[in-house]
Amino acid sequence: NSRVRHRFINCTDCGPRFTIIKELPYDRPFTTMAAFTMCRECKKEYESPGNRRFHAQPICCPSCGPALSLLNGEGKAIASSDPLKKCVALLEHGAIVAVKGLGGFHLACRADDAEAVARLRLRKMREEKPLAIMVRDLSVALRIAEMGAEEKELLESCERPIVVCGKKEGAGLAANIAPGLPTLGLLLPYTPVHHLLFIDGRFDALVMTSGNVTDEPIVHTNDDALTRLNGIADAFLTHDRDIHVRNDDSIVRVLDGKPVLLRRSRGYVPDPLPAPCDVHGCVALGGVLKSTVAVGRARMCYLSQYVGAVATVEAVEGLWSLVHHLLRVLDVSPRCYVGDMHPQTLMRPARSGSELPYVKVQHHHAHAVACMAENEVRGNALCVVYDGTGYGLDGCVWGGELLLAGGSDFTRVGHLAYLPLPGGEAAIRNPGRMALAALFTKMGEEAAHACPWMPDEEKEATLAMARSNANCIPTSSMGRLFDAASAMLGICKKRTYEGQPAIELEGAADIEEIGEYDQLVTASDAEILIDGAGILMQAYLDFKAGAPARRVAGRFHSTIARATAEAVRMAADTTGCLDVCLSGGCFQNALLLTRIVRNLKSAGLTPFIHRRLPPNDECVSYGQLVIAGARRMESR
Ligand code: FE
C-alpha cells in the first residue's frame, strides 16, 4: 500500500478538519488542502462511495500530498534521507524540536531527560508550570500515571485531550516536568507524525508543550515558528499544509467522578452550546485571563477555542481573528458586542465605524449565567463564583461571590469579606504578601511572625502598607485567599504561573483529614460574609502550634467548603432558591469542588457545575452572550 507510514494519512473518520477550513461548506477547495492536486489514485478513492476515503477532504498520498521537512534555526533544511527519522535521532540525543501538529506547533523533547527539560524551561522562560507529556500508548501511560476508568476512557477518546492524572513516583520521568505537584498531564499521539515519532521505540514519552512564548497564543504558521520559536527549538519538523486557525490541545480532569474541561480547544470546538433565548448576532468578547470569544446564531452559542491570556497584542489580535472567522463561517452579521465592564478591558470593538450597541457585563455575573445556561437552569439561581480577579460594581476586585443571578441581572447576596491586596500585582506574584496583610487585619503586629522565609525588607514593606492601608486595594478574591494559605504554609513562596499557589496547596493537602476550623459566616440585612482572614488565622495558629502543612491544608479546604455551603444555605433560606451553580477558576480544585458539592447536597440544595466548559474565564464569553440576548429580549 502506498500509504504505509504515510505522514498525512487520513480517512472520513480522522484527519484534520477544523483547523484547515477557510470557508464553509467543508469542501476541499475551501481548505488549506486546496494547494494540493489529487493524483489519479487518490481522486478515484475520493469519488468512490464505497471507499473509506470517499469525500475525505484532506485525502492524499506520498506522491500528491504535503511533505515533511526538517529545518534548522535559520530555516535551512537539515540534510537527511528522511526528515522524520532524523528528527527522532535528534530528539533521542536530547534536542528540543518544534513539531508542527494539527492546530499549531509543539515544543518536544525527551520526557526522561531532565537536562533537556531544564533547557526547554529556560529557553521558554517557563519556570515551574507543568509540561504535558505525550506517551506512545496506553501501556506507557499506565506505567507512569495513576488512572481510573474515566481517565483511561478520556485518554483514548477521539478528542485526544491532555488528561490530568496522578503521578507515579519512580516511573523514570524527569523530576522537573511537574515540580511540586502530585499530578501529570498526559496525552496520546493524535496525528500520523506523532505515531511515527514513537514507532521505532527510541523513547516512550515526549514533552509536548505548546509552541509559544509565555502567555502568547500557540504559534501556527511556518514563518511564525521560525521567528518566534527561534532560540527555543534546535530544529523544526514542519510541513507545507497550512494551519488556517490555531487550536491548542484541550485539557480535561476527572472531578467528582466525571470529566471537567480545564481548557476547551481541539476536539471540542466548535460544538455549540444552548442559549435560553435568541442570541443571534451577539458577539461576546470574553474576560481578561484565559479568554475566548463567542458568536450567537439563533439560539446557539459558538465559542472559540482557548487562545491564551489576553495580555499581549498577539492574543488580542488572535481573538479578533477568531471573531471574524466565526462570523464568516457561521454566516452571521454582528448586531451587538458584549464585553466586560472593566474600564481597561483590552477586548473592545474598534472605535472607528462601529455603530453597534456595546453591552457591558459584570465578570462574575457572566460566570454565573454560563453555568446556569450550560445546565439549562431557568429563572434565578444562587451562584457561587470563586476565582482570581474580576472588576466589581463597587470598583473593588471581586472574586469570592455569592450571587442571586437571573439571565439579565443579579444581586450580590454575599461574598468573602474584603482583604487588602498590598501593592496590587506584586501581591499576586508574591503570595506571602497576601498572607501577611490578611493576618495583620486579625492579629496586628503578631502577623510579622508568619512566613519566616520572607526577606525582612519585603516583610517590612508589606506590613507598612497594611498598617497605613496605603496601596491596598480591597479584594474579595477566593483565589487570593488560597494564595495566602499556600504561602503561609510555605508551600508556594513565589507564583510563576497562574493558579500555582492554589494548585500546590491542593496537591499538598491530606485528603483523609477530617478536621475543620470555625466557619465564621455572618449574615446581616445587607449581605452574608465569609471571614476568610479569620479562617486563615486559625490555620496559621494551628500550623504554628506544630500541625503539619498537609493537615492544615486539608482543614483549610474543608473549612472553606463548609463555610461556602453555610453561606449558600443562609441565602437559600431568605430567597427560597434551591438551585446552586458553581463557577470560577477555583473550581478546578478537585478537593474544594467535591467537598462543596457534598455539603450543598446534604443541606438539601441542588448543585450544578460546569462539564462542557471550563469553570475558568474561558466560560465568560458564553455567559456574556446569554446575558446580552436576555437583555435584548427584555428591552423589546
Ligand atoms: Fe473569572
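Just follow the structure's listing: the first ligand is 1, and inside any ligand the first atom is 1. No experiment lies behind these values; they were computed from the predicted model shown.
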Quiz item: Should C336 and Y358 be marked as a side-chain contact (heavy atoms from CB on, under 4.5 Å) after you check the CA-CA gap, both sets of side-chain angles, and the distance that decides it?
Solution: CA-CA 6 Å; C336 74; Y358 180 60; over 6 Å; no
Quiz item: So what does the D387 OD2 - the Fe ion (ligand 1) - H367 NE2 angle come to, to 10°?
Solution: 100°
Self-check item: Under 3.5 Å donor-acceptor, R297 side chain and L330 backbone
Solution: yes
Quiz prompt | Side-chain heavy-atom pair D387, N616 within 4.5 angstrom cut-off | solution = no
Practice problem: Measuring from the Fe ion (ligand 1), name the closest N, O or S atom belonging to D617. | Solution: OD1
Quiz item: Does any N, O or S atom in H363 come within less than 2.8 Å of the Fe ion (ligand 1)?
Solution: yes
Quiz item: Can E458 and K494 be counted as an ion pair, charged N to O under 4.0 angstrom?
Solution: no
